[in-house]
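What follows is a short report on a single structure.
Only this structure's heavy atoms are used, side chains among them; waters, hydrogens and symmetry mates stay out.
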Amino acid sequence: MPAKGKHRRPKSQRFTRSIAVAGTGGAALALPLMGATGAHAATAQSVSEKAVQSLPVAQKAAAKPAEKTAKKDTAKASTVRTYSVRVGDYLSKIADEQNVAGGWKKLYADNREAVGDDPSLIHPGLKLSIGKKATTSPTKTKSSAKSSSSKSSSPKAEKAEAKASKSTAATQSSDTSSSGYTLPVSGATIGTGYRVAGAMWSSGYHTGVDFVVPTGTSLKAVAAGTVVSAGWGGAYGNQVVIKLNDGYYAQYAHLSQLSVSAGQTVTEGQQIGLSGATGNVTGPHLHFEIRTTPDYGSDVDPVAYLRSKGVAVG
């Protein structure tokens, strides 16, 4: 019996040890399993975090073109500004001073509603949009339709232009001499003549002749030459002075609109402005002078000058 008891104890001790070993082994085995599970969980978590983090990047990338477009539109919108017409202004002058791409034609097209049908009839205080984007057709279909309609209407437009040019040529031919000189305004009568005495003039006499015409009448260069000055002339209001090719100077005063600028060359019969009532006047008319210099006080008889060039006056 004692022998059996001694035999059983070691067995139970071995059994306990084996359990402990097994337990130790189980614990040891559990640790790698737990570690592996943790590793797998960490991997899945890192993937999901990367996916979450990559989502805003994609959204930002998609938003960048929209932001750039919005910035461009804002920049374009900020370049649009309003210009108030001043005395002596005309569309080509404004377009040059304001650096309008496309010149006065673009400026006129953008402000057609404000200016009206005649681009030369602008007045001080008129508000013009500078840098306004011209409207374009949104689809190719509309643009092609417009182009086709413009093509179909072009013969009519050409006929109308041809008629207008013929009528203009006929009108000019009646006022033009073969020597290359013409009247400063068509179909007008002379009101106040040259050298008429009066206290209203600083020189004591009238230094030119007054052609009685309503405001807005087209005024023409009497001959080819170069514009010396175009702008405000004090008592003369808006004025244009042209050095003619023969050395004399022609002055046009009290204009409502200027169509030329200083330094510009003009041809006989070319419009240089529109008549008006600016400056020291009692009513609309054209004050016209011929001078030996561009300055006041060098006047000569303008009627005698034009007649010497073969132009019928009066």
Under the 3.5 angstrom rule, does the side chain of [X] hit a backbone N or O of [Y] as a donor-acceptor pair?
| X | Y | value |
| --- | --- | --- |
| Asn111 | Leu128 | no |
| Gln98 | Ala95 | no |
| Tyr248 | Tyr305 | no |
| Ser275 | Pro214 | yes |
| Asn238 | Leu255 | yes |
| Ser218 | Gln271 | no |
| His254 | Thr278 | yes |

If we only count heavy atoms from C-beta on, is the [X] to [Y] side-chain gap below 4.5 Å?
| X | Y | result |
| --- | --- | --- |
| Ile130 | Val80 | no |
| Val209 | Glu289 | no |
| Asp299 | Ile290 | no |
| Phe288 | Val222 | yes |

(request) May I ask you to establish whether Arg195 and Tyr205 are in a cation-pi arrangement, using a distance under 6.0 Å from NZ or CZ to the six-membered ring centre and at most 45° from the ring axis? (result) yes
(message) Can you tell me if Tyr249 has over 12 outside heavy atoms packed within less than 6.0 Å of its OH?
(response) yes
(message) Could you report the tightest heavy-atom contact between Ile242 and Ala221, atom names first, then the distance?
(response) CD1-CB, 4.1 Å
(request) For Val213 and Ala188, work out which heavy atoms get closest and say how close. (result) CG1-CB, 3.4 Å
(message) Hydrogens and angles aside, do Thr182 and Lys309 bring a side-chain donor and acceptor to less than 3.5 Å of each other?
(response) no
(message) Show, in sequence, the C-alpha distance, side-chain angles and deciding distance for Lys220 and Ser186, and conclude whether the side-chain contact (heavy atoms from CB on, under 4.5 Å) test is met.
(response) CA-CA 9 Å; Lys220 301 177 290 183; Ser186 301; 2.8 Å; yes
(request) Give a yes or no on whether the ring-centroid distance for Tyr194 and His206 is below 6.0 angstrom. (result) no
(message) Hydrophobic clusters here meaning ILVMFWY residues chained together by side-chain heavy-atom distances under 4.5 Å, can you tell me if Val100 and Val85 are in one?
(response) yes
(message) Run Leu274 and Leu219 through side-chain contact (heavy atoms from CB on, under 4.5 Å) and show every step you take.
(response) CA-CA 6 Å; Leu274 301 176; Leu219 306 178; 5.8 Å; no
(request) Using the ring pair (Phe, Tyr, Trp, His ring centres under 6.0 Å) rule, take Tyr236 and His287 through it: C-alpha gap first, then chi angles, then the decisive distance, then the call. (result) CA-CA 8 Å; Tyr236 285 117; His287 175 83; 5.5 Å; yes
